[in-house]
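Here the structure is laid out as structure tokens; the discussion comes afterwards.
Chain naming here is simple, since letters A, B, ... match the order of the sequence lines and numbering starts at 1 in each.
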Amino acid sequence: MSLYDSLNPQQHAAIEALYGPILVLAGAGSGKTRVVTYRIAHLLESGVDPSAILGVTFTNKAAEEMKERVQKLTHYQVLICTFHSLGAKILRESIYALGYGRNFTIYDEQDSEKLVKLCINELAHQQKLDAQHFISLISSAKNALQDPDQINPASLDELEKLFPDVYRLYQAKLKECNAVDFDDLLYLPVKLFKTYPDILDHYQKRWSFLLIDEFQDTNQAQYLLVQHLGSQHQNVCVVGDPDQSIYSWRGANIQNILGFESDFPGAKIIRLEQNYRSRANILEASNALINNNRSRYEKNLWSDRGAGEKIKHFTADTERGEADFVAEKIRYHYENHHISLRQMAVFYRTNAQSRALEDKLLLHHVPYVIVGGISFYQRREIKDILAFLRMVQSGMDFISFSRTINIPKRGIGETTIERIRLSAAQEGLSLMGYSTKLIEDTPLQYAVKLSAKQKEGLKSYVQIIHELKEISKACDIQEVVKAAIERSGYLEYLKGEMESYQERKENLNALVSKAIEWELSAMTPSLEGFLEELSLKSTLDETNSSYDKVHLMTVHNAKGLEFDVAFLAGMEEDLFPHANSRGSLEALEEERRLCYVGMTRAKEYLYLCDVRQRFLWGTTRIQRPSRFLREIPEEYIERIRPSFMSKTQFTWRPSQVETQEVTFIDEIDQTIPEEENEEPLDEGDAIFHKDFGVGVIRQIYEGSAGLTYKVLFSKDNRERSLVARLAHLKKLS
DNA sequence: CAATCCTGATTTTTT
DNA sequence: ATCAGGATTG
């Protein structure tokens with residue numbers, strides 16, 4: 001079999017044993033994805049039915065990548081999905097046994113929070129309780145598979161006394177809305193399997209070969225899901241690396257990887273220890289770092305890719321200096337090593353750090369893309385339209401009802417909404433069913449009194465939903481989405497807020513495009529399926545990834561990726577390791593694993609940066625270098641002085657780079673003579689900038705590159721420093 | 001009772 | 001800035 005010749009003996013062993021449980025301990029860069037895809041290929045070659053194979057990953061990105069690679073290798077379609085979409089799939093088919101309808105809605109955190117607040121208000125009357133806190137309590141309870149009755153009251157403090165009641169009511173309300181939350185997607189299937197062995201049996205027979213990726217990040221519910229599905233046939237292959245477990249705060253349990261051996265007796269254990277990714281300097285430095293963790297299984301990753309360059313460590317004065325350094329080094333590698341920008345990445349611990357980096361990259365004309373930043377689907381306008389669509393789908397979904405009923409303004413406020421909810425429940429009707437009766441003047445035992453205006457409004461609302469329902473029966477998804485935007489009068493409603501109208505409108509257009517795209521790609525397109533997909537995907541796919549851009553992301557987001565050049569920014573105490581890990585050895589060790597993940601992403605060049613002074617949490621703080629810097633032996637590190645700072649700063653632009661911001665680069669490059677800026681600008685002036693929109697000048701000062709404006713732009717609330725002679729600023733009013 | 005205006009907090013990581 | 005929560009107004 002020539003296909004497998006390229007594998008090393010350990011990889012080979014992981015692929016050969018088709019039956020029985022296997023635990024693959026795959027170190028960073030040891031060809032894990034390769035093993036999984038080849039294993040699937042081998043299964044198919046041995047005559048296993050493609051529909052009998054189930055691959056489970058942690059992220060959508062990983063699932064898609066693996067699906068694609070299997071498709072390329074074998075030309076078969078194999079079911080590979082995330083834990084959450086697997087849960088959704090199982091529930092769509094079998095949730096009726098738990099008393100929900102199969103067209104249930106999936107609530108995101110915002111939706112859940114609203115519901116939790118309702119519960120708290122109902123139970124705790126005047127008392128003010130922290131909804132966020134209760135949400136996390138509910139989430140951990142579900143991850144630990146605890147029902148409200150199983151909560152130990154002794155473990156609760158004074159403010160948490162009501163927790164079991166809130167949890168119980170919350171769960172009841174979810175059911176009333178025919179909705180499930182994120183955690184339910186794991187929790188309910190396990191419950192289903194426990195209660196109904198025949199349903200479990202069905203799934204055990206359906207998927208007789210399981211492959212689980214990133215096993216170190218599974219929580220209790222996910223683990224039990226795997227255990228249930230695999231307990232009969234035992235054909236379970238799990239792949240993971242305990243050193244890369246970085247989601248314990250979400251309930252991930254490293255012990256799962258240990259427990260595997262006892263739950264699946266006779267499991268074959270295979271270690272992949274050859275790293276094909278990084279240069280030895282990078283790999284050995286990472287090994288040295290992770291060795292500082294006390295609770296850890298010995299492992300020795302090695303690389304034969306040669307020592308490579310030493311890791312560079314740079315200390316900047318401020319976060320702007322740090323960003324300048326990053327931009328400069330990106331330029332250096334791009335020009336001298338001809339490394340494409342997409343092969344370079346900047347990692348940071350917290351999302352907030354991206355601001356300074358973005359500013360400087362823009363200034364230096366370095367094309368970049370932020371991976372997994374602000375979520376597209378969490379934007380208000382998107383959520384509003386989706387809520388309309390959910391009402392079409394279900395009619396019981398209170399959260400979506402209360403979100404949309406007063407859009408546009410119909411004079412129906414919170415109080416009326418709550419009354420409708422209550423009365424509908426008392427009548428035993430769905431929200432839509434009750435509303436229909438109400439406007440038809442059908443005699444009701446519990447009728448909500450409405451003013452003429454409210455009644456008129458409710459009438460038009462019900463009519464819109466009915467119309468959309470008709471359209472959804474007859475038309476494509478994209479037509480329904482378009483209709484939801486048009487019939488609801490949403491654009492007119494948006495015009496009330498002139499500020500962001502254009503942007504929001506564009507987002508809605510993007511939603512329509514997404515619907516078109518989805519229709520083309522899905523095998524059996526349905527509105528239900530479309531909504532489900534959107535609920536489970538937090539970010540809009542970067543379809544423009546064909547552009548050559550530097551990738552910016554949090555270290556968490558970097559897992560599973562690799563780059564020729566990687567920067568770890570903000571290597572400072574209280575930032576990385578994060579302040580919240582102070583005093584907890586476990587949390588600190590997780591930070592260290594996170595740092596390990598970040599470092600091992602780099603193939604050729606790795607930069608670690610820290611800053612003496614950083615604007616953080618509202619103030620400028622003096623920062624100390626991260627302990628992680630000290631934990632890396634000197635021999636692997638080269639310290640860099642800030643002497644490189646040349647005046648080339650503002651002149652570089654990637655020459656053959658194809659970017660979306662072509663116009664931006666071209667325009668900003670034509671330096672305008674200063675006298676053309678006829679209107680003198682002052683601090684406090686409102687200005688308009690071609691690329692950033694409206695802003696206010698916060699400060700004018702003499703910077704290293706000349707007169708500089710510090711401008712706060714309202715579009716994204718970011719402060720950017722603009723060199724006066726390059727900036728196109730028009731004074732407003 | 002709804003709509004509008006004001007205040008204060010906001011930043012760890014995410015399916 | 002934006003969002004949520006609270007007070008005020010109509």
Side-chain angles (χ1 to χ4, degrees), chain A residues 56-63 81-88 106 108-110 113-114 117 121 128 131-132 136 139 143 181-186 214 217-219 221-222 245-252 347-355 371-375 377-380 405-406 409-419 448-451 453-454 457 496-497 499-500 535-539 553-559 570 574-582 587 590-591 593-595 597-598 614-619 694-696 698 712-719:
Chain A
V56 185
T57 63
F58 214 67
T59 65
N60 292 304
K61 200 193 279 164
C81 60
T82 63
F83 271 107
H84 288 83
S85 54
L86 173 67
I106 299 170
D108 68 11
E109 268 126 22
Q110 266 181 55
E113 189 182 331
K114 282 185 187 158
K117 277 179 185 158
N121 281 338
K128 287 198 182 149
Q132 288 287 353
S136 68
S139 180
N143 283 333
D181 67 16
F182 258 168
D183 297 311
D184 281 340
L185 291 174
L186 307 169
E214 306 283 12
D217 285 327
T218 54
N219 63 31
Q222 288 163 326
S245 165
I246 53 176
Y247 286 100
S248 73
W249 48 274
R250 223 168 61 193
F347 308 139
Y348 35 81
R349 182 59 181 66
T350 67
N351 277 310
Q353 285 168 261
S354 72
R355 309 229 186 295
V371 178
I374 345 105
S375 168
Y377 299 111
Q378 299 215 26
R379 290 168 189 277
R380 183 159 60 81
I405 183 68
N406 211 21
K409 298 261 186 284
R410 295 185 168 90
I412 300 174
E414 225 173 303
T415 330
T416 311
I417 293 172
E418 178 56 19
R419 283 181 185 163
V448 175
K449 285 205 179 91
L450 299 174
S451 70
K453 188 183 164 200
Q454 290 174 322
E497 322 159 38
E499 270 298 302
S500 44
S535 318
L536 294 176
K537 278 202 175 154
S538 52
T539 48
M553 66 192 90
T554 62
V555 194
H556 280 89
N557 264 318
K559 196 172 69 166
D574 287 353
L575 190 59
F576 201 4
H578 196 271
N580 288 16
S581 67
R582 258 196 259 175
E590 175 142 324
E591 295 288 312
R593 287 193 294 271
L594 192 57
C595 184
V597 167
R614 179 183 294 275
F615 188 76
L616 200 62
W617 300 311
T619 47
V694 180
V696 175
R698 282 303 181 80
L712 182 69
F713 288 97
S714 56
K715 187 173 135 193
D716 52 3
N717 191 30
R718 301 243 168 112
E719 215 166 52

To the nearest angstrom, the CZ-P distance between A:R582 and B:dT13 comes to 18 Å
Considering only heavy side-chain atoms of A:A352, the closest of B:dT15, C:dA4, B:dT11 is B:dT11
When A:I417 and A:H578 are each assigned the nearest nucleotide of DNA chain B, the 5'-most assignment goes to A:I417
Atom CD of A:Q110 and atom P of B:dT14 are separated, to the nearest Å, by 16 Å
| message | Heavy atoms only, 4.0 Å cut-off, all strands: where does A:K61 land among base, sugar-phosphate and nothing? | response | nothing
Original post:
Between A:E591 and A:S581, does any side-chain donor sit less than 3.5 Å from a side-chain acceptor?
Top reply: no
Reckon A:N557 has a side-chain N or O less than 4.0 Å from the OP1 or OP2 of B:dT14? yes
Looking only at B:dA2, C:dG5, B:dT15, the nucleotide nearest the A:T416 side chain is B:dA2
pair_partner(B:dT11), Watson-Crick or wobble, both distances < 3.5 Å, evaluates to none
Separation between CG (A:L536) and CG (A:N60), nearest 0.5 Å, reads 7.0 Å
Q. Counting only side-chain N and O atoms of A:T554, is one of them less than 4.0 Å from OP1 or OP2 of B:dT14?
A. yes
With a 3.5 Å cut-off and just heavy-atom distances, do the side chain of A:R349 and the base of B:dT13 make a donor-acceptor pair?
-> yes
CG (A:L594) and CZ (A:F576) are apart, to the nearest 0.5 Å, by 4.0 Å
Measure all distances between protein nitrogen or oxygen atoms and nitrogen or oxygen atoms of nucleotides 3-5 of chain B, and list the pairs falling under 3.5 Å.
{"unit_1": "B:dA3", "atom_1": "OP1", "unit_2": "A:G411", "atom_2": "N", "d": "3.4"}
{"unit_1": "B:dA3", "atom_1": "OP2", "unit_2": "A:N406", "atom_2": "ND2", "d": "3.0"}

Rounded to whole Å, the CG-P distance (A:N219 to B:dT14) equals 16 Å
Taken to the nearest 0.5 Å, the spacing of A:T554 OG1 from A:F347 CZ works out to 9.5 Å
Check your understanding: Using atom P of each nucleotide, how far apart are C:dA1 and B:dT12 to the nearest Å?
Key -> 23 Å
Taken to the nearest whole Å, CG/A:L575 to P/B:dT11 is 15 Å
Quiz prompt | Sub-4.5 Å side-chain heavy-atom contact between A:Q222 and A:H84 | solution = yes
When rounded to whole Å, the CD to P distance for the pair A:E414 and B:dA2 reads 9 Å
Separation of C:dA4 atom P from A:K114 atom NZ, nearest Å, is 7 Å
Next on the checklist: Does B:dT13 have its OP1 or OP2 closer than 4.0 Å to a side-chain nitrogen or oxygen of A:N580?
Outcome noted: no
Rounded to the nearest 0.5 Å, the OG1 atom of A:T416 sits from the CD1 atom of A:I405 at a distance of 9.5 Å
Rounded to the nearest 0.5 Å, the NE2 atom of A:H556 sits from the CD1 atom of A:I246 at a distance of 4.5 Å
- Task: Return the stacking result for B:dT13 and A:W249: yes when the ring centres lie under 5.5 Å apart and the planes under 30°, no otherwise.
- Result: yes
Determine the contact category for A:F83: base if any of its heavy atoms lies under 4.0 Å from a base atom, sugar-phosphate if only primed atoms, P, OP1 or OP2 are that close, otherwise nothing.
nothing
**Report entry** Quiz item: cation-pi between A:K559 and A:Y247, 6.0 Å / 45°
**Finding:** no
Ranking B:dT13, B:dA2, C:dA4 by distance to the side chain of A:T415, first place goes to B:dA2
Quick note, A:H556 side chain, CB onward, closest among B:dT13, B:dT12, C:dA4 is B:dT13
CZ of A:F615 to CZ of A:R355, rounded to nearest 0.5 Å, is 11.5 Å
For B:dT15, does the base pair up with any side-chain atom of A:H84 as donor and acceptor (N or O, under 3.5 Å, distance only)? yes
A:Q132 CD to B:dT10 C1', in whole Å, measures 12 Å
Counting only side-chain nitrogens and oxygens, does A:Q353 get under 4.0 Å of the OP1 or OP2 atom of B:dT12?
no
Taken to the nearest whole Å, CZ/A:F347 to P/B:dT13 is 16 Å
- For A:E113, answer base if it contacts any base atom (sugar-phosphate contacts may also be present), sugar-phosphate if it contacts only those atoms, and nothing otherwise; contact means non-hydrogen atoms under 4.0 Å. nothing
